[in-house]
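Taking it in order: structure first as structure tokens, then the write-up.
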Amino acid sequence: MPELPDVEGFRRVLIACGRRCVTDIEVRDAGVLRGVTEKRLRKDGEGRRLGTAWRHGKWLFAPMDGGPTLVFHFGMTGSLWCCSPDEPLAAHDRLVLTLDDVRSLRYRDQRKLQGVQLLGDAAVGRILDGLGPDALAVDRAELAELLSGRRGAVKSALMDQSVIAGLGNLLCDEILWRARFAPRTPARDLSETACRGIHAAMGRVLRSSVRAGCVPPRRSWLTGRRDDSEPRCPRCRGALCSGRLAGRRTVWCPHCQP
DNA sequence: ATAAAGTCCTGAAAGC
DNA sequence: TGCTTTCAGGACTTTA
């Protein structure tokens, strides 16, 4: 699930929690802690007030007043919830922060592919150094610049977080379908006009998805068709192709995306 | 049993 | 040729 639009939704969950004080931290599965022990997390985190959460790509940062920053990554199955402490826990609630004893912030994740870190400013900086600009903030010229000179498939370039941060498998397929480019097109072969089209498609897909909090599985979108048993293109009604690119399932329309 | 929306690591290919 | 950058695929983990 979690690509940029989902993580943007999780940021709003954090904002909705308010700038409350962390009164308790319960580690229900230490497997999601990355580079921090339960002891350290509780020692450094409990008693601190949450600052304003921010996001870059698929990473979510929750700075704590006068202290380190809680850093969340959601892998493929992670999510963040803010509810009443009375709410029964879900099976995969791995980390539970109680806020001012009145709110319960829950990091839920089935597969523990990623996790939660507690980092100082320098370490946060190192994460950002490894990421390209946030996909929502990339302008047309910048996208063309980012794609130029990449000899691999355009989908691989868009998926590469060090090139542009926030796009995942579903978004990339959706964007390329909208812009009418085959996923395997070498990025450097794209003309100025082609990049312009991809940029426009990216903006539209991202804005709609952020509004929905996910890449919406609408029937008028590729995403809404890719799990059909015999998927057809919502635009031309032709049969969609499904294959593997860079290890990820890739769906495209051979007619619309030559 | 297979496949899944995440990233990291590896060996290989491409480029200078 | 040799070094560096870039690419594609597999590992990781858990469950439906």
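Below, chain A is the first sequence line, B the second, and so on; all start at residue 1.
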From [atom1] of [X] over to [atom2] of [N], roughly how many Å is that when rounded to an integer?
X: A:Arg184; N: C:dG9; atom1: CZ; atom2: P; result: 7 Å
X: A:Asp109; N: C:dT13; atom1: CG; atom2: P; result: 13 Å
X: A:Asp173; N: B:dG6; atom1: CG; atom2: C1'; result: 15 Å
X: A:Met76; N: B:dT7; atom1: CE; atom2: P; result: 10 Å
X: A:Leu113; N: B:dA3; atom1: CG; atom2: C1'; result: 13 Å
X: A:Arg34; N: C:dC12; atom1: CZ; atom2: C1'; result: 9 Å
X: A:Glu8; N: B:dA5; atom1: CD; atom2: P; result: 22 Å
X: A:Glu174; N: B:dA5; atom1: CD; atom2: P; result: 14 Å

Legend entry - side-chain hydrogen bond (donor to acceptor under 3.5 Å, both in side chains) against A:Glu46, all qualifying residues, sequence neighbours excluded: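 If we apply the side-chain hydrogen bond (donor to acceptor under 3.5 Å, both in side chains) test to A:Glu46, skipping adjacent residues, the hits are A:Arg42.
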Legend entry - side chain to side chain donor-acceptor pair (under 3.5 Å) between A:Thr250 and A:Arg244, intermediate numbers included: CA-CA 5 Å; A:Thr250 298; A:Arg244 215 149 256 282; over 6 Å; no
Legend entry - Partner of A:Ser209 by side-chain contact (heavy atoms from CB on, under 4.5 Å), out of A:Asp6, A:Thr223, A:Leu171: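 The option that passes is A:Leu171.
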Inset, instruction - With A:Phe10 as reference, evaluate A:Trp59, A:Phe72, A:Phe74, A:Trp54 under the ring pair (Phe, Tyr, Trp, His ring centres under 6.0 Å) test and give the passing residue. - result: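 Exactly one pass, corresponding to A:Phe74.
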Establish, with yes or no, whether the OP1 or OP2 oxygen of [N] is under 4.0 angstrom from a side-chain nitrogen or oxygen of [X].
X: A:Arg248; N: C:dG9; answer: no
X: A:Lys112; N: C:dC12; answer: no
X: A:Ser156; N: C:dA8; answer: yes
X: A:Arg150; N: C:dT6; answer: no

Legend entry - cation_pi(A:Arg235, A:Trp177) dist<6.0 Å, angle<=45: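 Yes, cation above the ring, under 6.0 Å and within 45°.
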Taking the side chain of [X] as heavy atoms from C-beta outward, which of [options] is closest to it?
X: A:Gln110; options: C:dT15, B:dA5, C:dC7; result: C:dT15
X: A:Gln161; options: C:dA8, C:dT14, B:dT7; result: B:dT7
X: A:Leu170; options: B:dT7, B:dA5, C:dT6; result: B:dA5

Inset, instruction - Remember a base hit wins even if backbone is also touched, and classify A:Arg188 as base, sugar-phosphate or nothing at under 4.0 Å, heavy atoms. - result: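 Sugar-phosphate, no base atom in range.
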Inset, instruction - Would you mind classifying the nucleic acid contact of A:Arg249 as base, sugar-phosphate or nothing, using non-hydrogen atoms under 4.0 angstrom? - result: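 The residue A:Arg249 makes sugar-phosphate contact but no base contact.
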Legend entry - Other residues, nucleotides, ligands: >12 heavy atoms within 6.0 Å of A:Asp121 CG: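 Atom CG in A:Asp121 is not packed in, count stays at 12 or less.
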Legend entry - Under-4.0 Å salt bridge between A:Arg55 and A:Glu8: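 Salt bridge between A:Arg55 and A:Glu8, a charged N being under 4.0 Å from a carboxylate O: yes.
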Inset, instruction - Decide, yes or no, whether a salt bridge links A:Asp228 with A:Arg219 under the criterion of side-chain N to carboxylate O below 4.0 Å. - result: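 So A:Asp228 pairs with A:Arg219 through a salt bridge.
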Legend entry - Watson-Crick or G-U stems involving DNA chain B, each at least 3 pairs long, distances under 3.5 Å, ordered by first number: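 Ordered by first number, the stems with DNA chain B (at least 3 consecutive pairs each) read B:2-4 with C:14-16, B:6-16 with C:2-12.
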Legend entry - Closest-nucleotide 5' rank along DNA chain B - winner of A:Phe74 and A:Arg151: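 Nearest nucleotide further toward 5': that of A:Phe74.
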Legend entry - Nearest-angstrom distance, C1' atom, C:dA16 to B:dT7: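 Looking at atom C1' only, C:dA16 and B:dT7 are 23 Å apart.
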